[in-house]
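Below you'll find the structure, written out as C-alpha coordinates, and then a few comments.
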Amino acid sequence: MTLALNDDQLTEDGLGVATPGGQILLIACGALAHEILAIKRANGWDHMVLQCLPAKYHLYPEKIVDAVEETVLKTRDIYEQVFIVYADCGTGGLLEAKCAELGVEMVPGPHCYSFFEGNDTFAEHDDEITAFYLTDFLVKQFDAFVWKPMGLDKHPELRDMMFGNYTKLVYQAQTKNEALETKARACADRLGLDYEYRFTGYGDLANVLKEKSAST
(Lines give C-alpha, C1' and ligand atoms only; values in the text may rest on other atoms or scores of the structure.)
Protein backbone atom coordinates (compact mmCIF):
# COMPACT_ATOMS: atom_id res chain seq x y z
CA MET A 1 0.00 0.00 0.00
CA THR A 2 1.34 3.44 -0.94
CA LEU A 3 1.69 5.86 1.95
CA ALA A 4 -0.28 9.06 1.38
CA LEU A 5 1.87 12.10 2.08
CA ASN A 6 0.64 15.54 3.03
CA ASP A 7 3.07 18.20 1.84
CA ASP A 8 1.98 20.73 4.45
CA GLN A 9 2.64 18.14 7.16
CA LEU A 10 6.02 17.30 5.66
CA THR A 11 6.85 21.00 5.73
CA GLU A 12 5.81 21.66 9.32
CA ASP A 13 6.21 18.35 11.14
CA GLY A 14 8.19 15.95 8.97
CA LEU A 15 7.36 12.25 8.85
CA GLY A 16 7.52 9.63 11.57
CA VAL A 17 8.47 6.02 10.94
CA ALA A 18 5.34 4.36 9.58
CA THR A 19 6.31 0.82 10.58
CA PRO A 20 9.14 0.47 13.12
CA GLY A 21 11.73 -2.12 12.25
CA GLY A 22 14.19 -2.65 9.45
CA GLN A 23 17.94 -2.65 9.27
CA ILE A 24 18.63 0.88 8.00
CA LEU A 25 17.03 4.10 9.22
CA LEU A 26 17.10 6.99 6.77
CA ILE A 27 16.92 10.37 8.51
CA ALA A 28 15.97 12.82 5.80
CA CYS A 29 14.61 16.25 4.98
CA GLY A 30 10.84 16.23 4.60
CA ALA A 31 11.29 17.79 1.16
CA LEU A 32 12.77 14.46 0.00
CA ALA A 33 10.07 12.14 1.34
CA HIS A 34 8.26 11.57 -1.97
CA GLU A 35 11.46 10.76 -3.83
CA ILE A 36 12.92 8.46 -1.18
CA LEU A 37 9.72 6.48 -0.80
CA ALA A 38 9.39 6.17 -4.59
CA ILE A 39 12.95 4.84 -4.84
CA LYS A 40 12.32 2.40 -1.98
CA ARG A 41 9.11 1.10 -3.59
CA ALA A 42 10.71 0.70 -7.00
CA ASN A 43 13.52 -1.41 -5.55
CA GLY A 44 11.61 -3.29 -2.85
CA TRP A 45 13.91 -2.04 -0.10
CA ASP A 46 11.78 -3.07 2.85
CA HIS A 47 14.86 -3.23 5.08
CA MET A 48 15.09 0.57 4.90
CA VAL A 49 12.72 2.82 6.85
CA LEU A 50 12.29 6.56 6.56
CA GLN A 51 12.00 9.29 9.16
CA CYS A 52 11.86 12.91 8.00
CA LEU A 53 12.61 16.12 9.83
CA PRO A 54 10.42 19.13 9.00
CA ALA A 55 11.11 20.40 5.51
CA LYS A 56 10.88 23.99 6.81
CA TYR A 57 14.39 23.54 8.23
CA HIS A 58 15.39 24.15 4.62
CA LEU A 59 14.74 27.81 5.53
CA TYR A 60 16.67 27.61 8.82
CA PRO A 61 19.74 25.43 8.21
CA GLU A 62 21.09 26.23 11.67
CA LYS A 63 18.34 23.95 13.05
CA ILE A 64 19.32 20.94 10.94
CA VAL A 65 22.46 19.94 12.85
CA ASP A 66 20.82 19.82 16.29
CA ALA A 67 17.74 18.03 14.95
CA VAL A 68 19.84 15.40 13.17
CA GLU A 69 21.94 14.83 16.30
CA GLU A 70 18.87 14.47 18.51
CA THR A 71 17.25 12.00 16.11
CA VAL A 72 20.40 9.91 15.72
CA LEU A 73 20.87 9.64 19.48
CA LYS A 74 17.24 8.55 19.92
CA THR A 75 17.30 5.89 17.21
CA ARG A 76 20.82 4.57 16.71
CA ASP A 77 20.40 1.62 19.11
CA ILE A 78 17.27 0.44 17.30
CA TYR A 79 18.79 0.01 13.83
CA GLU A 80 21.91 -1.62 12.45
CA GLN A 81 22.69 1.54 10.49
CA VAL A 82 21.57 5.16 10.41
CA PHE A 83 22.08 7.17 7.22
CA ILE A 84 21.56 10.92 6.94
CA VAL A 85 19.78 11.95 3.73
CA TYR A 86 20.89 15.56 3.79
CA ALA A 87 23.71 17.19 1.90
CA ASP A 88 25.41 20.20 3.54
CA CYS A 89 22.21 22.21 2.99
CA GLY A 90 23.58 25.56 4.09
CA THR A 91 25.11 24.38 7.39
CA GLY A 92 28.60 25.51 6.37
CA GLY A 93 30.18 22.12 6.99
CA LEU A 94 28.68 21.77 10.47
CA LEU A 95 26.42 18.88 9.51
CA GLU A 96 29.32 16.93 8.01
CA ALA A 97 31.36 17.51 11.16
CA LYS A 98 28.47 16.42 13.38
CA CYS A 99 27.90 13.25 11.32
CA ALA A 100 31.60 12.42 11.61
CA GLU A 101 31.38 12.93 15.38
CA LEU A 102 28.33 10.67 15.58
CA GLY A 103 29.86 8.05 13.29
CA VAL A 104 27.09 8.18 10.67
CA GLU A 105 27.30 8.78 6.93
CA MET A 106 25.46 11.42 4.92
CA VAL A 107 24.72 12.19 1.27
CA PRO A 108 27.68 13.92 -0.40
CA GLY A 109 27.21 17.31 -2.02
CA PRO A 110 26.51 20.94 -1.16
CA HIS A 111 22.70 20.73 -1.36
CA CYS A 112 19.80 18.78 -2.86
CA TYR A 113 19.89 20.80 -6.09
CA SER A 114 23.33 19.39 -6.69
CA PHE A 115 22.66 15.71 -5.96
CA PHE A 116 19.35 15.71 -7.84
CA GLU A 117 21.15 16.82 -10.98
CA GLY A 118 24.21 14.75 -10.12
CA ASN A 119 27.07 16.37 -8.22
CA ASP A 120 29.52 16.10 -11.11
CA THR A 121 27.06 17.56 -13.61
CA PHE A 122 26.00 20.32 -11.27
CA ALA A 123 29.62 21.32 -10.70
CA GLU A 124 29.96 22.02 -14.42
CA HIS A 125 27.42 24.87 -14.15
CA ASP A 126 29.96 27.45 -13.09
CA ASP A 127 27.84 30.22 -14.61
CA GLU A 128 24.77 29.64 -12.42
CA ILE A 129 25.53 31.81 -9.42
CA THR A 130 22.49 33.84 -10.47
CA ALA A 131 20.13 30.84 -10.76
CA PHE A 132 17.29 30.19 -8.31
CA TYR A 133 16.35 26.51 -8.02
CA LEU A 134 13.12 24.68 -7.38
CA THR A 135 12.44 20.95 -7.08
CA ASP A 136 9.09 19.16 -7.36
CA PHE A 137 8.44 19.67 -3.66
CA LEU A 138 9.46 23.32 -3.68
CA VAL A 139 7.26 24.04 -6.68
CA LYS A 140 4.30 22.59 -4.80
CA GLN A 141 5.24 24.47 -1.63
CA PHE A 142 6.39 27.69 -3.32
CA ASP A 143 4.20 29.96 -1.21
CA ALA A 144 5.28 28.26 2.04
CA PHE A 145 8.99 28.30 1.22
CA VAL A 146 9.47 31.42 -0.86
CA TRP A 147 6.59 33.85 -1.18
CA LYS A 148 5.40 34.04 2.43
CA PRO A 149 8.72 33.66 4.33
CA MET A 150 10.17 36.52 2.30
CA GLY A 151 7.13 38.67 3.02
CA LEU A 152 6.20 38.96 -0.65
CA ASP A 153 2.58 38.07 0.10
CA LYS A 154 2.28 41.34 2.02
CA HIS A 155 4.94 43.40 0.24
CA PRO A 156 5.25 42.23 -3.39
CA GLU A 157 7.05 45.47 -4.18
CA LEU A 158 10.13 43.99 -2.48
CA ARG A 159 10.46 41.32 -5.16
CA ASP A 160 12.94 43.16 -7.36
CA MET A 161 15.13 44.06 -4.42
CA MET A 162 15.25 40.46 -3.18
CA PHE A 163 15.64 38.79 -6.57
CA GLY A 164 17.38 41.54 -8.49
CA ASN A 165 20.66 39.59 -8.59
CA TYR A 166 19.02 36.45 -10.00
CA THR A 167 18.53 35.98 -13.73
CA LYS A 168 16.63 32.69 -14.03
CA LEU A 169 14.59 30.12 -12.18
CA VAL A 170 15.70 26.54 -12.84
CA TYR A 171 13.07 23.87 -12.22
CA GLN A 172 14.81 20.57 -11.54
CA ALA A 173 11.98 18.10 -12.13
CA GLN A 174 12.09 14.73 -10.42
CA THR A 175 8.91 13.60 -12.18
CA LYS A 176 7.36 14.47 -15.52
CA ASN A 177 4.26 16.41 -14.55
CA GLU A 178 2.69 19.06 -16.77
CA ALA A 179 0.83 20.67 -13.89
CA LEU A 180 4.03 21.15 -11.90
CA GLU A 181 5.85 22.50 -14.93
CA THR A 182 3.05 25.00 -15.50
CA LYS A 183 3.22 26.07 -11.86
CA ALA A 184 7.03 26.33 -11.97
CA ARG A 185 6.80 28.60 -15.01
CA ALA A 186 4.27 30.72 -13.13
CA CYS A 187 6.67 30.89 -10.16
CA ALA A 188 9.36 32.24 -12.48
CA ASP A 189 6.92 34.87 -13.75
CA ARG A 190 6.01 35.88 -10.20
CA LEU A 191 9.70 36.37 -9.40
CA GLY A 192 10.39 38.19 -12.66
CA LEU A 193 12.96 35.60 -13.75
CA ASP A 194 13.66 33.67 -16.93
CA TYR A 195 12.55 30.05 -16.79
CA GLU A 196 14.54 26.88 -17.45
CA TYR A 197 13.25 23.32 -17.15
CA ARG A 198 15.55 20.37 -16.44
CA PHE A 199 14.34 16.84 -15.93
CA THR A 200 16.80 15.39 -13.43
CA GLY A 201 14.92 12.39 -12.09
CA TYR A 202 16.43 11.29 -8.79
CA GLY A 203 20.05 11.90 -9.79
CA ASP A 204 22.70 10.84 -7.31
CA LEU A 205 20.07 10.27 -4.61
CA ALA A 206 19.04 6.97 -6.19
CA ASN A 207 22.67 5.86 -6.56
CA VAL A 208 23.57 6.74 -2.97
CA LEU A 209 20.54 4.89 -1.58
CA LYS A 210 21.37 1.88 -3.77
CA GLU A 211 24.88 1.75 -2.33
CA LYS A 212 23.56 2.11 1.20
CA SER A 213 20.94 -0.60 0.63
CA ALA A 214 23.62 -3.04 -0.47
CA SER A 215 25.82 -2.33 2.53
CA THR A 216 23.86 -4.43 5.02
Side-chain angles (χ1 to χ4, degrees), residues 5 7-8 10-11 28-39 52-61 64 85-93 95 106-153 156-209:
L5 298 179
D7 288 335
D8 291 335
L10 290 173
T11 295
C29 173
L32 303 178
H34 290 281
E35 289 75 23
I36 293 171
L37 291 175
I39 294 168
C52 290
L53 302 178
K56 66 183 178 183
Y57 290 171
H58 181 91
L59 297 171
Y60 314 103
I64 295 173
V85 194
Y86 277 91
D88 181 74
C89 296
T91 67
L95 181 59
M106 61 182 282
V107 175
H111 40 63
C112 60
Y113 313 122
S114 179
F115 66 62
F116 269 138
E117 189 159 348
N119 286 320
D120 291 341
T121 301
F122 189 86
E124 296 174 0
H125 297 305
D126 56 0
D127 61 339
E128 293 204 347
I129 193 171
T130 59
F132 185 78
Y133 295 93
L134 294 180
T135 62
D136 282 6
F137 184 85
L138 294 177
V139 170
K140 290 184 285 186
Q141 292 291 96
F142 180 79
D143 282 344
F145 275 83
V146 180
W147 205 251
K148 291 181 179 179
M150 292 187 175
L152 295 173
D153 56 328
E157 70 276 7
L158 297 178
R159 182 198 69 177
D160 292 344
M161 181 182 73
M162 292 181 174
F163 288 90
N165 292 324
Y166 291 96
T167 59
K168 64 179 177 180
L169 182 150
V170 177
Y171 170 31
Q172 295 179 324
Q174 284 71 65
T175 57
K176 293 183 178 180
N177 184 310
E178 286 190 19
L180 285 182
E181 185 174 356
T182 297
K183 184 174 180 181
R185 190 180 295 276
C187 292
D189 290 341
R190 289 170 72 183
L191 295 177
L193 301 176
D194 293 338
Y195 173 74
E196 182 176 335
Y197 173 86
R198 295 178 192 164
F199 177 73
T200 66
Y202 303 131
D204 285 347
L205 179 62
N207 298 328
V208 168
L209 293 182

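Taking the ring centroids of Y86 and Y57, they lie at or beyond the 6.0 Å cut-off.
No donor-acceptor contact under 3.5 angstrom links the side chains of D8 and T11, judged on distance only.
In terms of modelled atom types and a separation under 3.5 Å, the side chain of D7 and the main chain of Q141 share no donor-acceptor contact. Formation of a donor-acceptor pair under 3.5 Å by the S114 side chain with backbone atoms of H111 is not found in this model.
Residues that satisfy the side-chain contact (heavy atoms from CB on, under 4.5 Å) test with T121, not counting sequence neighbours, are E117, H125. Taking the salt bridge (Lys or Arg N to Asp or Glu O under 4.0 Å) definition, one finds that D143 meets it with R190, sequence neighbours left out.
Other residues, nucleotides and ligands contribute only 12 or fewer heavy atoms inside 6.0 Å of the CD atom of E178. The environment of N165 atom CG is sparse: at most 12 non-hydrogen atoms of other residues, nucleotides or ligands sit within 6.0 angstrom.
Between F132 and F163, the ring planes lie perpendicular to each other; the angle is over 60°, past the 30° to 60° tilted range.
If you take CG on L180 and CZ on F142, they are separated by 13.5 Å, rounding to the nearest 0.5 Å.
What you find for L152 and L158 is that their closest heavy atoms are CD2-C, 3.9 Å. What you find for P61 and T91 is that their closest heavy atoms are O-CG2, 3.6 Å.
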